[in-house]
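Only heavy atoms go into these numbers, but all of them, side chains included; no hydrogens, no water, no symmetry mates.
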There are 2 protein chains.
Amino acid sequence: MLTSLERPKTLKETSLERLREAITMGYFLPGERLVERTLCEQLGVSRTVIRECIQHLESEQLITVVPNAGPSVATLNPHEVQEIYEIRTMLESAAIASCAAIASETTVATLEAYCDKIARSLLDHDIKQALVDTRMFYHTIFSEGEKWVAWDLVERLNGRIGQLRAVTLSSKGRSTAGPRNLRAITAAIKQQDPDTAAEACAKHLQQAMTIALNELQKPKEDVLDG
Amino acid sequence: MLTSLERPKTLKETSLERLREAITMGYFLPGERLVERTLCEQLGVSRTVIRECIQHLESEQLITVVPNAGPSVATLNPHEVQEIYEIRTMLESAAIASCAAIASETTVATLEAYCDKIARSLLDHDIKQALVDTRMFYHTIFSEGEKWVAWDLVERLNGRIGQLRAVTLSSKGRSTAGPRNLRAITAAIKQQDPDTAAEACAKHLQQAMTIALNELQKPKEDVLDG
DNA sequence: TTTTTGCATATTGTATACCATCATACAAAA
DNA sequence: TTTTGTATGATGGTATACAATATGCAAAAA
């Protein structure tokens, strides 16, 4: 019996995924030094594989490599975060507007289902699941509008602010405000109202950015306290 | 005497630049297979370095890597090209509008100088120089607005349509229309008129996209002819 | 003739060993 | 206190080896 017809993943692929996850989920701290040999042992692969992963992560700007000194986890400054949210606003607003103009009923139903699921996850404090489903919510929207290039960019930008997003989602009051915004977006799409949908998106991201920028300050205070 | 205080570039860096240039300038054809050993000999470096470059280029989507079959130069379909120009329009319009709101006189003077230089290069059919200076024109605008993340995205998107851009610039009638558009953008920035500036940008890119999409059809006809 | 099978070859994925150079931290000397 | 060595460890880069996979081509079958 055939249990899997999929191509087996290469070691580089799986290692890359694990490293990416470790960085975006905050397992490695911003600025933390990544030593090749250590990563080899932790992932059980050769230096060859690790070095290839490092090139990928560098290109994705999840890590910074200074020649002869090696890679470390990328750090974000407030200006970068602000810019990332600005660009996300442009890309996501446009995608949502496109989607609103053409969305089928099944798509709207899918979006509504994700809204419910996300709200439940947040009530259960299951942040990780909420992140996954939020991603799927947007993925549905970008797919409907066939915005594949834009989706790719959004994913990369989100990767860079991954650490912040987790905290943003779990932030105080966000467990109700977030889903409320997503429902507003969904409602506007349902009514085929591109402008309202785009505006709801912009408002949503504006709120998220404010929280993220606040979050970015906190760690510094911790250092000063200690 | 010290002739250079700069850090010497690593082999990976120079190799990557050369490969990127070779692809974006069309030295390698879209879809063409890239064999590691061959690249090693052509660049005079080891397989390790080439493989690291491949990771970078894959992440930049200049090449496509299928496991166990190796890398080949990425191909573009019309939908992707259209999307890339759409996104460029968003990012560049926004940057230009920001720039228009704050631009200093020296910046405007710099932009005007680039417009002249580009026009001259095009009259001399020096496409490569025109591309370089067009890049600098936009770089000036994004720098003025401190849009570094956006600039990075624009550069990557431009890399993907590099082959098309060269032909677009040298296209019939483009040697006057292109600079005229850039001058319109510059003029609007000079008058601190963000809306007009953004609109001029959108119009410019709309024209460029039309030419690029036409260009994308041509090679197929060649195949049919042969 | 056309299609299928099977094999030889080329290429990739991965590991390992090696070395020169560079960075860093720490000890010694000024 | 500042400077200078110096030891250690990490990186940039090379070479080599080998299994697994892909590809092209020839032989066999239809």
>> Let me spell it out: for each of Lys12(A) and Thr38(B), pick the nucleotide of DNA chain C with the closest heavy atom. Which residue's pick is nearer the 5' end?
In response: Thr38(B)
> Taking CG from Leu39(A) and P from dA15(C), how many angstroms apart are they, rounded to a whole number?
Replying inline: 14 Å
> Less than 4.5 Å apart, any side-chain heavy atom of Glu52(B) and any of His56(A)?
Replying inline: no
Atom pairs and distances, side-chain donor-acceptor, residues 60-75 of chain A, under 3.5 Å, sequence neighbours left out:
from, atom 1, to, atom 2, distance (Å)
Glu60(A), OE1, Arg20(A), NH1, 2.9
Glu60(A), OE2, Arg20(A), NH1, 2.4
Gln61(A), OE1, Arg160(A), NH1, 3.3

> Which of these nucleotides, dA15(C), dG13(D), dT11(D), is closest to any side-chain atom of Val49(A)?
Replying inline: dA15(C)
> Any side-chain heavy-atom pair from His139(A) and Ser143(A) closer than 4.5 angstrom?
Replying inline: yes
> Strictly by modelled atom types, are Ser104(A) and Thr107(A) linked by a side-chain donor-acceptor pair under 3.5 Å?
Replying inline: yes
> Ile63(A) has an atom CD1; how far is it from atom C1' of dT11(D), in whole Å?
Replying inline: 13 Å
> Is there a donor-acceptor pair under 3.5 Å between the side chain of Ser171(A) and the backbone N or O of Val167(A)?
Replying inline: no
> Do His79(B) and Trp148(A) come close enough that some side-chain heavy atom pair is under 4.5 Å?
Replying inline: yes
> Side chains of Thr186(B) and Glu112(B): is there a donor and an acceptor less than 3.5 Å apart?
Replying inline: no
> Which pair of heavy atoms, one from Glu92(B) and one from Cys201(B), lies closest together, and at what distance?
Replying inline: CB-SG, 3.7 Å
> Which one, dG13(D), dG12(D), dG13(C), comes nearest to the side chain of Glu36(B)?
Replying inline: dG13(C)
>> Is it the case that the side chain of Thr38(A) and the backbone of Leu34(A) share a donor-acceptor pair, with hydrogens and angles ignored and the cut-off at 3.5 Å?
In response: no
> Quick one: Ile50(B) CD1 to dA15(D) C1', roughly how many Å, whole number?
Replying inline: 15 Å
Sort me out a list of protein N/O and nucleotides 16-18 of chain C N/O pairs below 3.5 Å, or just none if empty.
none

> In chain order, what residues pass the salt bridge (charged side-chain N to carboxylate O under 4.0 Å, His left out) check against Arg47(A), with sequence neighbours excluded?
Replying inline: Glu36(A)
> Going by an N to O cut-off under 4.0 Å, is there a salt bridge joining Arg120(B) and Asp116(B)?
Replying inline: no
> Is it true that the side chains of Arg135(B) and Asn158(B) contain a donor and an acceptor less than 3.5 Å apart?
Replying inline: no
> Between residues 51-61 of chain A and DNA chain C, which residues have a heavy-atom gap below 4.0 Å?
Replying inline: none
>> Distance check needed: dT14(D) P versus Leu43(B) CG, whole Å only.
In response: 11 Å
>> Please report the interatomic distance CG(Leu111(B)) to CG(Leu182(B)), rounded to the nearest 0.5 Å.
In response: 9.5 Å
> Whole Å only: how far is the CD atom of Glu13(A) from the P atom of dG13(C)?
Replying inline: 9 Å
Strictly under 3.5 Å: I want the nitrogen or oxygen pairs between protein and nucleotides 22-26 of chain C, one per line.
none

> Side-chain N or O of Arg33(B) less than 4.0 angstrom from OP1 or OP2 on dT12(C)?
Replying inline: yes
> To the nearest 10 degrees, how far apart in direction are the end axes of the helix from dT1(C)-dA30(D) to dA30(C)-dT1(D), each fit to five base pairs?
Replying inline: 20°
> So, for Glu13(B) and Thr10(B), which heavy atoms are closest and what is the spacing to 0.1 Å?
Replying inline: OE1-N, 2.8 Å
> At under 4.0 Å between heavy atoms, what does Leu34(B) touch on the DNA or RNA strands: base, sugar-phosphate, or nothing?
Replying inline: sugar-phosphate
